[in-house]
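To keep things clear, I will list the structure first and then write my remarks on it.
Reckoned from all heavy atoms, side chains included, excluding hydrogens, waters and symmetry mates. Protein chains get the first letters and strands the later ones, always in sequence-line order, with residue 1 at the start of each.
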Number of protein chains: 2
Amino acid sequence: MANQSPRLDQIFAALADPTRRAIVMRLCAGEASVGELADPFDMALPSFMKHIHVLETSGLVQSEKAGRVRTCRLSPDALLGAEDWFQQQRAIWEARLDRFEAYVMKLKKEKERAAAKRPSRTTKRKGAE
Amino acid sequence: MANQSPRLDQIFAALADPTRRAIVMRLCAGEASVGELADPFDMALPSFMKHIHVLETSGLVQSEKAGRVRTCRLSPDALLGAEDWFQQQRAIWEARLDRFEAYVMKLKKEKERAAAKRPSRTTKRKGAE
DNA sequence: TCTATAGTTAGCTACATGGCTAACCAATCG
DNA sequence: CGATTGGTTAGCCATGTAGCTAACTATAGA
């Protein structure tokens, strides 16, 4: 099953912060330096750097330093990994809904057959879950 | 833009914990009581209840009490909301890739035209980003 | 070389999180 | 009624997180 994945932990934890989500959104539009990224935020640089670091250890962002400027870019693989998790859950959920629907249909069929046998009785029932 | 959404904060924060992800996965397969949910975990009930509460305030899970048993179910809307966020980011990312690819194609065309003009020069260049 | 720029390191505070125990309701069941 | 079960409340503790300032390093530009 392997869903104890510390990678997912880190990715979701990283995305739980609006500042960090904003950084990711910004980087979706293309790479940028730390300074450029930090500019819109009313926050001291060291605080901001911590966010960058969290994003980096989660694998969502990569960066490299050239001269005195560090350029950050998105690592789309990590984003896809998290998206996959949702899709898996949705698949399971939808499979369950299908099964449930099938069950309801079966009930309905049975009810109809019963109604055909003794058509006088009103086919009313509550609590179909 | 509205991506300061505290709802997303809470959803991602909720999913950052492996215990809570496991609960969500379990609930994808159908509703369950607190006791049933807690059973697989080696954790005191009050600690476990905190996780349930986090999931509930994030909107991922709903629950109601009948008699002395509380039954939990998944609220698929919240999950979809988070999934949407990824899809939006991916859309932006892919649009950028398209633009970038178009840009590379343009460069290539230009290079070819240049090469046609003076075919002697070797068309070698590094660092196209 | 001097200065300004772009990050970085260190170290602090306040608060949130995840876990525990102990004690406490409130429905069931015998 | 009395005991059991299923959950809840209260309160404690250790650790993690988000922010800050101050001081430092290292490159780029004048």
Side-chain angles (χ1 to χ4, degrees), chain A residues 3-27 30-73 127, chain B residues 3-27 30-73 127:
Chain A
N3 264 96
Q4 304 300 74
S5 165
R7 178 48 60 95
L8 268 187
D9 287 20
Q10 293 177 321
I11 291 177
F12 283 130
L15 294 177
D17 184 282
T19 300
R20 290 193 292 259
R21 275 202 310 282
I23 295 174
V24 168
M25 293 171 73
R26 168 60 237 276
L27 289 180
E31 57 184 39
S33 72
V34 169
E36 284 168 355
L37 289 173
D39 195 51
F41 298 95
D42 186 18
M43 187 183 297
L45 243 210
S47 316
F48 187 79
M49 285 293 297
K50 280 195 190 172
H51 289 297
I52 298 283
H53 191 244
V54 170
L55 286 169
E56 236 172 334
T57 58
S58 78
L60 284 168
V61 164
Q62 294 166 351
S63 75
E64 60 188 332
K65 198 163 178 176
R68 63 184 167 178
V69 38
R70 173 174 298 280
T71 303
C72 305
R73 63 182 56 74
Chain B
N3 264 99
Q4 304 300 76
S5 165
R7 177 48 62 94
L8 267 188
D9 286 21
Q10 293 177 320
I11 291 177
F12 283 130
L15 294 177
D17 184 282
T19 300
R20 291 193 291 258
R21 276 203 309 282
I23 295 173
V24 168
M25 293 171 73
R26 169 57 239 277
L27 289 180
E31 59 183 41
S33 73
V34 169
E36 284 167 355
L37 289 174
D39 196 51
F41 298 96
D42 185 18
M43 189 183 295
L45 243 211
S47 315
F48 187 80
M49 285 294 296
K50 281 195 189 174
H51 289 297
I52 297 284
H53 191 243
V54 169
L55 286 169
E56 235 171 337
T57 58
S58 78
L60 283 167
V61 164
Q62 293 167 350
S63 74
E64 62 189 329
K65 198 162 178 176
R68 65 184 167 179
V69 39
R70 174 173 298 279
T71 303
C72 305
R73 63 181 55 74

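With the nearest nucleotide of DNA chain D identified for both A:Met43 and B:Val34, B:Val34 has the one nearer the 5' end. Each of A:Thr71 and B:Ala13 was matched to the nucleotide of DNA chain C holding its nearest heavy atom; the match closer to the 5' end belongs to A:Thr71.
A:Thr57 and A:Gln10 share no side-chain donor-acceptor pair at under 3.5 Å.
In this structure, B:Arg21 contributes its side chain and B:Leu15 its backbone to a donor-acceptor pair below 3.5 Å. A distance-only check finds a donor-acceptor pair linking the side chain of B:Arg20 to the backbone of B:Ala14 [under 3.5 Å].
Rounding to whole angstrom units, CD of residue A:Gln10 and P of D:dG16 are separated by 13 Å.
The line from CD of B:Glu64 to CD of B:Glu31 is 8.0 Å long, rounded to the nearest 0.5 Å. With rounding to the nearest 0.5 Å, the separation of CD1 in A:Ile52 from CG in A:Leu27 is 7.0 Å.
For DNA chain C, the neighbouring residues in residues 44-54 of chain B, judged by any heavy atom under 4.0 Å, are B:Ala44, B:Pro46, B:Ser47, B:Lys50, B:His51.
In this structure, B:Pro40 and B:Glu36 approach most closely via the heavy-atom pair CD-O, 3.5 Å.
Between chain B and DNA chain C, the heavy-atom contact criterion of under 4.0 Å yields a 5' to 3' nucleotide range of C:dG18 to C:dT28.
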Report task. Sugar-phosphate atoms are those with a prime plus P, OP1 and OP2; base atoms are the rest. Using that split, label each nucleotide of nucleotides 25-30 of chain D B, S or - for protein heavy atoms under 4.0 Å, 5' to 3'. Result -> --BS--
